[in-house]
2 protein chains.
Amino acid sequence: MTTALSTQPAFRRKSLHEELTDAIREQIVNGDLAAGIRVPEKDLCTFYGVSRTPLREALKVLATEGLLSLEPNRGAWVSRITTEDLDEVFPVMGALEALSGELACKHITDDEIGRIRVLHRQMVKHYEKRELAKYFEVNQRIHEAILEAARNETLAIQYRSLAARVRRARYVANMTQDRWAQATDEHEQIMECLETRDGERLSVVLKMHLEHKLETVRQWLIDNQSPSDA
Amino acid sequence: MTTALSTQPAFRRKSLHEELTDAIREQIVNGDLAAGIRVPEKDLCTFYGVSRTPLREALKVLATEGLLSLEPNRGAWVSRITTEDLDEVFPVMGALEALSGELACKHITDDEIGRIRVLHRQMVKHYEKRELAKYFEVNQRIHEAILEAARNETLAIQYRSLAARVRRARYVANMTQDRWAQATDEHEQIMECLETRDGERLSVVLKMHLEHKLETVRQWLIDNQSPSDA
DNA sequence: TCCGCCCAAACTGCATTCATAATTCATAAT
DNA sequence: ATTATGAATTATGAATGCAGTTTGGGCGGA
């Protein structure tokens, strides 16, 4: 068969439940839906203007991702983050991020390193200007770029799933000056490892980086968790 | 409130979609539903005697677990395992299992070590009698016991999810005598590490153990993948 | 005032129904 | 004979309806 059209990479439009999954996930991760609150199906239905069927499918998916908890006949809650959760999730993220560093050093191209270097410089500028939100955003893009360089989609999916669960806490955790300086320094080391393609060292640095981040977030959670919402 | 009964761990009966999820997952993992085949909703509905609504919810969950792939308006397929998949999944499992070894050595009790040792002896006997199926079963229970000893439910869930995806291949991959001997020897080392609580070494051994297993499964897949089902 | 009971309202679980897209098969044209 | 076209069939996407469970409030009794 020969036509005027070459083969397209098969663009498939998302189905409704998938769009809902993404939208609600977004709402949870960025805090629109606060941790711990009940999520009645009807409310979301009217909000999105859809029926319950695709919505319920989305809820099931988000529950397996750990962002919601479902109880039979009792509905859905936005999962609450406890310090116990953090203590569980961060080590796993550490293991995955260490692996991503190792693999990234094997596969990363000079071009990719260059782009990450650009991001890194941006991030340092945001640090110097104490622009926390922008710092976080670029920070996340750097980690995402390393994840992509690892060339392992399974790893990326697993990591992102865990990251989403703790992101709510990570965002808001405003760091002390010391901690911020330390984090920026660690990122300097991350850049060095990438440029020398020292995977072994990078995995160690990333693991430690996350351990420190855990401490920051952990402290924030202890300080800010109102005693009432247990 | 004080009654004669102490609080139970919240005895909730499963809802239909959850039971379906478990049942179909089982069907996929043990090969009842072969990799690559289409899974029409109607067929499963008549098989389980349920309507499409809860079934579809189950399919969505299994898709996020990676056991099914869904295409909008085109239905569900049992995910096919490729060598590329294995090359992605095994390193991630390796990282997770290494972590589980590390954590297990920190938290494991003497009692638990004793029980794993019993399992280990059973496994060695099955090896000596060349009882592959029984060997695999006990093998899996050992790894599961280590995972439990790690005291990290998030880690366990992630690991099991990945393990389920490749289990189909792992089961059938019959090992060479050499490979089998090597695996048994590695398990001997695993026992040593647990008994001495040498988490650092255990994580290395487990990672290597999985790397070797990848080679076995990989080879099997190459040999047995009919060229037609691409 | 406090506790338990009962009933109504609200919500979830599941089945059914309608709508729409994909597939199949027969037919026609080259 | 092969390919393309179009109608019929089948499967999936989404909305609606009904049954069963949970929740919350009012009422009566201790």
Side-chain angles (χ1 to χ4, degrees), chain A residues 1-25 28 33 36-64 67-79 229, chain B residues 1-5 7-25 27-28 33-34 36-64 67-79:
Chain A
M1 173 177 71
T2 317
T3 75
L5 296 170
S6 62
T7 330
Q8 277 277 99
F11 87 96
R12 67 185 126 180
R13 84 195 164 298
K14 285 183 185 173
S15 50
L16 193 45
H17 79 90
E18 203 171 347
E19 288 192 51
L20 285 170
T21 307
D22 294 344
I24 300 171
R25 184 191 297 113
I28 295 173
L33 287 173
I37 68 165
R38 265 204 71 187
V39 187
E41 295 174 2
K42 192 163 178 282
D43 291 8
L44 286 177
C45 285
T46 54
F47 182 82
Y48 286 109
V50 298
S51 78
R52 285 174 54 217
T53 307
L55 184 102
R56 283 171 56 85
E57 293 172 353
L59 295 186
K60 301 292 177 292
V61 171
L62 293 170
T64 70
L67 291 173
L68 291 176
S69 33
L70 299 178
E71 277 185 62
N73 293 317
R74 301 201 48 220
W77 281 261
V78 178
S79 298
D229 44 51
Chain B
M1 174 179 70
T2 317
T3 75
L5 296 170
T7 328
Q8 279 277 98
F11 166 84
R12 67 184 127 177
R13 83 191 166 303
K14 284 181 184 172
S15 48
L16 192 47
H17 78 90
E18 203 171 347
E19 288 193 51
L20 285 171
T21 307
D22 294 343
I24 300 172
R25 184 191 298 113
Q27 281 194 295
I28 295 173
L33 287 173
I37 68 165
R38 263 202 75 189
V39 187
E41 295 175 2
K42 193 161 178 282
D43 291 10
L44 286 176
C45 285
T46 55
F47 182 82
Y48 287 108
V50 298
S51 79
R52 285 175 53 217
T53 307
L55 184 102
R56 284 171 56 85
E57 293 172 353
L59 295 186
K60 301 292 176 294
V61 170
L62 292 170
T64 69
L67 292 174
L68 292 176
S69 32
L70 299 178
E71 275 186 62
N73 293 315
R74 302 206 46 223
W77 281 261
V78 179
S79 297

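In what follows, chains carry the letters A, B, and so on, assigned in the order in which the sequence lines appear, proteins first and then strands, with residues in each chain numbered from 1.
- Contact check on B:K14 versus B:E19 returns no salt bridge, with no Lys/Arg side-chain nitrogen under 4.0 Å from an Asp/Glu carboxylate oxygen.
- Between B:I24 and B:Y48 there is a side-chain heavy-atom pair separated by less than 4.5 Å.
- Taking only side-chain nitrogens and oxygens, A:R74 comes nearer than 4.0 Å to OP1 or OP2 of D:dT23.
- Mapping A:R38 and B:D43 onto DNA chain D by nearest heavy atom places B:D43 at the nucleotide closer to the 5' end.
- Here the straight-line distance linking atom OG of A:S51 with atom CZ of A:R56 works out to 11.0 Å at 0.5 Å rounding.
- Protein atom CG of A:N73 is 11 Å distant from nucleotide atom C1' of D:dA19, rounded to whole Å.
- Annotation: side chain to side chain donor-acceptor pair (under 3.5 Å) contacts of B:S79 (sequence neighbours excluded): none.
- Under the 4.5 Å side-chain criterion, counting only non-hydrogen atoms from C-beta, B:T21 is not in contact with A:T64.
- For the atom pair A:L68 CG and A:I28 CD1, the distance stands at 4.0 Å (nearest 0.5 Å).
- In this structure, B:E41 places its CD atom 14 Å from C1' of C:dT20, rounding to the nearest Å.
- Counting heavy atoms from C-beta on, the side chains of B:Q27 and B:L44 come closer than 4.5 Å.
- When the P atom of C:dC11 is taken as reference, atom CD of A:E71 falls 17 Å away, rounded to whole Å.
- B:K60 is not listed as a side-chain neighbour of A:K60, based on a closest heavy-atom distance of 4.5 Å or more.
- To the nearest 0.5 Å, atom CG of residue B:L59 and atom NE2 of residue B:H17 are 12.5 Å apart.
- Comparing the local axis fitted to the first five base pairs of the helix from C:dT1-D:dA30 to C:dT30-D:dA1 with the one fitted to its last five gives a bend of 10°, rounded to 10°.
- Counting to the nearest Å, the P atom of C:dA10 and the NZ atom of A:K42 are 9 Å from each other.
- Here the C1' atom of nucleotide C:dT12 and the CG atom of A:L68 are 15 Å apart, to the nearest Å.
- A heavy-atom distance below 4.0 Å to DNA chain C is reached by these residues of residues 47-57 of chain A, ordered by number: A:R52, A:R56.
- When the C1' atom of D:dA19 is taken as reference, atom CG of B:L16 falls 15 Å away, rounded to whole Å.
- Protein atom NZ of B:K14 is 17 Å distant from nucleotide atom C1' of C:dG13, rounded to whole Å.
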